[in-house]
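Take a look at the structure below.
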Amino acid sequence: MQHRNEVQTSRFILWLSILTFFSVMNETMFNVSLPDIAAYFHIAPSAANWTNTCFSLSFAIGVAVYGKISEHTGMRKLLLFGMLTYGFGSVVGLLGHGWYPGVLAARFLQGIGASAIPSLIMVMIVKVVEPGKQGKAFGLIGSVVAFGEGLGPVIGGAVSGYMHWSLLFALPLLSLLALPFVLRTLPDEMTEGKTFDMTGAVLLSAGILSFALFTTLFHWIYLTASLVLFALLALHIRRHRNPFLEPFLFRKKRYLAGVLTGALLLGTVAGFISMVPYLMRAVYDMPTGLIGSAILFPGTLSVILFGMLGGMLADRRGHIAAMLTGLSMIAVGFLVVLFYADRAPWFIAASMILTFGGLSFVKTAVSASVASTLDENEAGSGMGMLNFACFLAEGIGIAGVGGLLTKPWLDSPLVGIVTSQTAALYSNMMLIFMALVAFGGILFVMFYKRNSQR
């Protein structure tokens with residue numbers, strides 16, 4: 001009987017890993033194809049980047065919503081809904097790839113569906129896997145996440161370069177093969193009859209969408225609408241008994257500083273990563289497949305190594321040391337592009353390795369520092385808010401960079417060593433990225449230089 005349970009648990013982890021792999025891979029798979037999408041529809045980067053922005057925004061909102069709904073709805077129903085929505089979005093993308101609004105709708109649906117996996121995966125492992133083997137399960141899932149993120153640009157580049165970018169919508173359908181096996185293993189659940197704050201969720205989602213539109217189009221009407229919606233959300237939180245966002249989190253200054261730092265840094269790096277395929281296409285005329293395999297893949301693969309080193313450094317030297325190490329690596333990576341954007345492709349590949357590696361240190365420092373500001377009964381809501389803010393910032397960062405790449409005032413060469421007029425735009429963008437990273441680092445050090453203070 002025990003052997004049978006062990007086999008069943010092993011199969012559950014295997015199928016759950018497959019779901020996780022395809023969910024994570026879809027985050028990075030389309031990055032390398034953004035220039036192809038822009039050329040196919042004859043649109044500017046500011047519009048093409050919404051292919052990823054739609055996914056990131058709905059993914060961020062989905063992470064928060066699934067977490068709340070799971071308090072009164074079983075995991076089986078939520079996972080089934082999420083994966084079927086993920087599959088439906090993929091079919092919409094395959095059939096409607098010739099119409100750009102259809103592509104955006106497909107990516108939005110994919111984000112809603114895929115976000116069910118990270119929202120529920122930790123709970124599923126705790127409920128299905130026995131305590132003595134949970135560490136191994138978490139470690140395996142973490143490795144699958146890193147591998148999926150690393151392989152995404154390679155697969156995306158190969159499919160887009162040698163076939164067509166629209167076929168990227170077909171790959172997530174393979175994950176549906178694992179769904180019946182995962183659902184069969186999940187236990188039956190008793191759920192609590194808590195109410196779900198739909199009004200708060202709608203106000204938050206609409207406010208986020210309005211702000212993302214402002215970062216792309218720079219029309220003040222969107223910023224005004226966003227501020228009004230967030231003001232209404234704040235008023236709603238005060239009056240609602242069980243609000244969508246926990247009000248006690250907004251009273252923790254160090255917690256909010258950590259969340260803001262994580263969102264700012266992750267959003268900046270996400271924007272930089274979305275810019276690189278445009279740079280390689282415009283300056284070096286590099287094909288999509290080569291961009292994914294030779295430029296993006298080495299960086300995403302380095303996350304595995306640096307992620308482990310970041311955890312060791314944070315434990316031994318503290319969160320500040322880990323953060324400063326990560327920021328230094330990111331800054332050097334940005335400086336490489338600032339001064340050598342038009343010199344040789346391997347400079348950009350080296351920049352990606354440094355940036356992704358530094359991001360691993362930053363993620364570790366932010367997660368550990370934010371967790372230190374929370375009591376045990378606040379950890380679930382607090383860390384959920386952090387994940388939500390970071391996913392959200394990535395979408396806004398990608399949208400913002402797409403908008404900036406269309407601005408003529410960024411074309412004038414500001415760095416003398418960059419001689420190519422085409423490369424000047426991308427070199428100048430690095431000045432904005434570096435300013436944002438510096439601000440995030442200063443904010444973090446100001447609030448976390450004394451780890452013992454809460």
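All residue numbers refer to positions in the sequence shown, counting from 1.
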- With respect to D342, which candidate in L279, T422, V283, V337 satisfies the side chain to side chain contact (heavy atoms under 4.5 Å, CB included) definition?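 Exactly one pass, corresponding to V283.
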Within a strict 4.5 Å, meaning less than it, do heavy atoms of the [X] and [Y] side chains meet?
{"X": "M352", "Y": "I273", "result": "yes"}
{"X": "M83", "Y": "I117", "result": "yes"}
{"X": "V362", "Y": "M323", "result": "yes"}
{"X": "F230", "Y": "I208", "result": "yes"}
{"X": "V103", "Y": "I37", "result": "no"}
{"X": "F272", "Y": "L359", "result": "no"}
{"X": "V445", "Y": "L324", "result": "yes"}
{"X": "Y448", "Y": "T373", "result": "yes"}

- Query: Heavy-atom count around F108 CZ within 6.0 Å, excluding the residue itself: above 12?
  - Reply: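 Open.
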- Within a radius of less than 6.0 Å around CZ of F439, do more than 12 heavy atoms belonging to other residues, nucleotides or ligands occur?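 Atom CZ in F439 is not packed in, count stays at 12 or less.
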Of the non-hydrogen atoms in [X] and [Y], which two are nearest, and what is the gap between them?
{"X": "L443", "Y": "T261", "result": "CD2-OG1, 3.6 Å"}
{"X": "S58", "Y": "S115", "result": "O-OG, 4.3 Å"}
{"X": "Q110", "Y": "Y86", "result": "O-CD1, 3.5 Å"}
{"X": "N31", "Y": "P277", "result": "O-CG, 3.4 Å"}
{"X": "G395", "Y": "T53", "result": "O-OG1, 3.3 Å"}
{"X": "A365", "Y": "A322", "result": "CB-CB, 4.1 Å"}

- List the steps, then state whether side chain to side chain contact (heavy atoms under 4.5 Å, CB included) holds for V159 with W165. CA-CA 6 Å; V159 171; W165 60 265; over 6 Å; no
What's the spacing between [X] [atom1] and [Y] [atom2] if we round to 0.5 Å?
{"X": "I291", "Y": "M280", "atom1": "CD1", "atom2": "CE", "answer": "6.5 Å"}
{"X": "L404", "Y": "I432", "atom1": "CG", "atom2": "CD1", "answer": "5.0 Å"}
{"X": "M25", "Y": "L174", "atom1": "CE", "atom2": "CG", "answer": "8.0 Å"}
{"X": "L296", "Y": "I353", "atom1": "CG", "atom2": "CD1", "answer": "11.0 Å"}
{"X": "L229", "Y": "L233", "atom1": "CG", "atom2": "CG", "answer": "9.0 Å"}
{"X": "L57", "Y": "I396", "atom1": "CG", "atom2": "CD1", "answer": "6.5 Å"}

Has [X] got a side-chain atom pairing as donor or acceptor with [Y]'s backbone, closer than 3.5 angstrom?
{"X": "S205", "Y": "V202", "value": "no"}
{"X": "S46", "Y": "G403", "value": "no"}
{"X": "Y426", "Y": "V276", "value": "no"}
{"X": "Y100", "Y": "A47", "value": "yes"}
{"X": "S427", "Y": "A423", "value": "no"}

- Task: For L405 and M429, run side chain to side chain contact (heavy atoms under 4.5 Å, CB included): C-alpha distance rounded to whole Å, both residues' side-chain angles, the deciding distance at 0.1 Å, then the answer.
- Result: CA-CA 8 Å; L405 288 177; M429 287 286 294; 4.2 Å; yes
- Query: Of all residues at least two apart in sequence or in a different chain, which pass the salt bridge (Lys or Arg N to Asp or Glu O under 4.0 Å) check with D36?
  - Reply: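 Salt bridge (Lys or Arg N to Asp or Glu O under 4.0 Å) check on D36 returns R281.
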- Task: Please step through side chain to side chain contact (heavy atoms under 4.5 Å, CB included) for the pair R343 and V418, ending with a clear verdict.
- Result: CA-CA 8 Å; R343 293 302 177 89; V418 177; over 6 Å; no
For [X] and [Y], take the angle between the two ring planes, folded into 0 to 90°, and tell me which bin it lands in: parallel under 30, tilted 30 to 60, perpendicular over 60.
{"X": "Y340", "Y": "F347", "value": "parallel"}
{"X": "F433", "Y": "F334", "value": "tilted"}
{"X": "F211", "Y": "F214", "value": "tilted"}

- Test side chain to side chain contact (heavy atoms under 4.5 Å, CB included) applied to L354 and I330, step by step: CA-CA 6 Å; L354 287 167; I330 293 173; over 6 Å; no
- Listed partners of S328 passing side-chain contact (heavy atoms from CB on, under 4.5 Å), at least two apart: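 side-chain contact (heavy atoms from CB on, under 4.5 Å) check on S328 returns nothing, list empty.
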- Message: Is it the case that the ring center of F55 lies less than 6.0 angstrom away from the ring center of F30?
- Response: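 No, too far apart.
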- Who passes side-chain hydrogen bond (donor to acceptor under 3.5 Å, both in side chains) against Y222, sequence neighbours left out?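 With neighbours one apart ignored, the set is empty.
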- Query: Judged by modelled atom types alone, do S33 and S160 share a side-chain donor-acceptor pair under 3.5 Å?
  - Reply: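 There is such a pair between these side chains.
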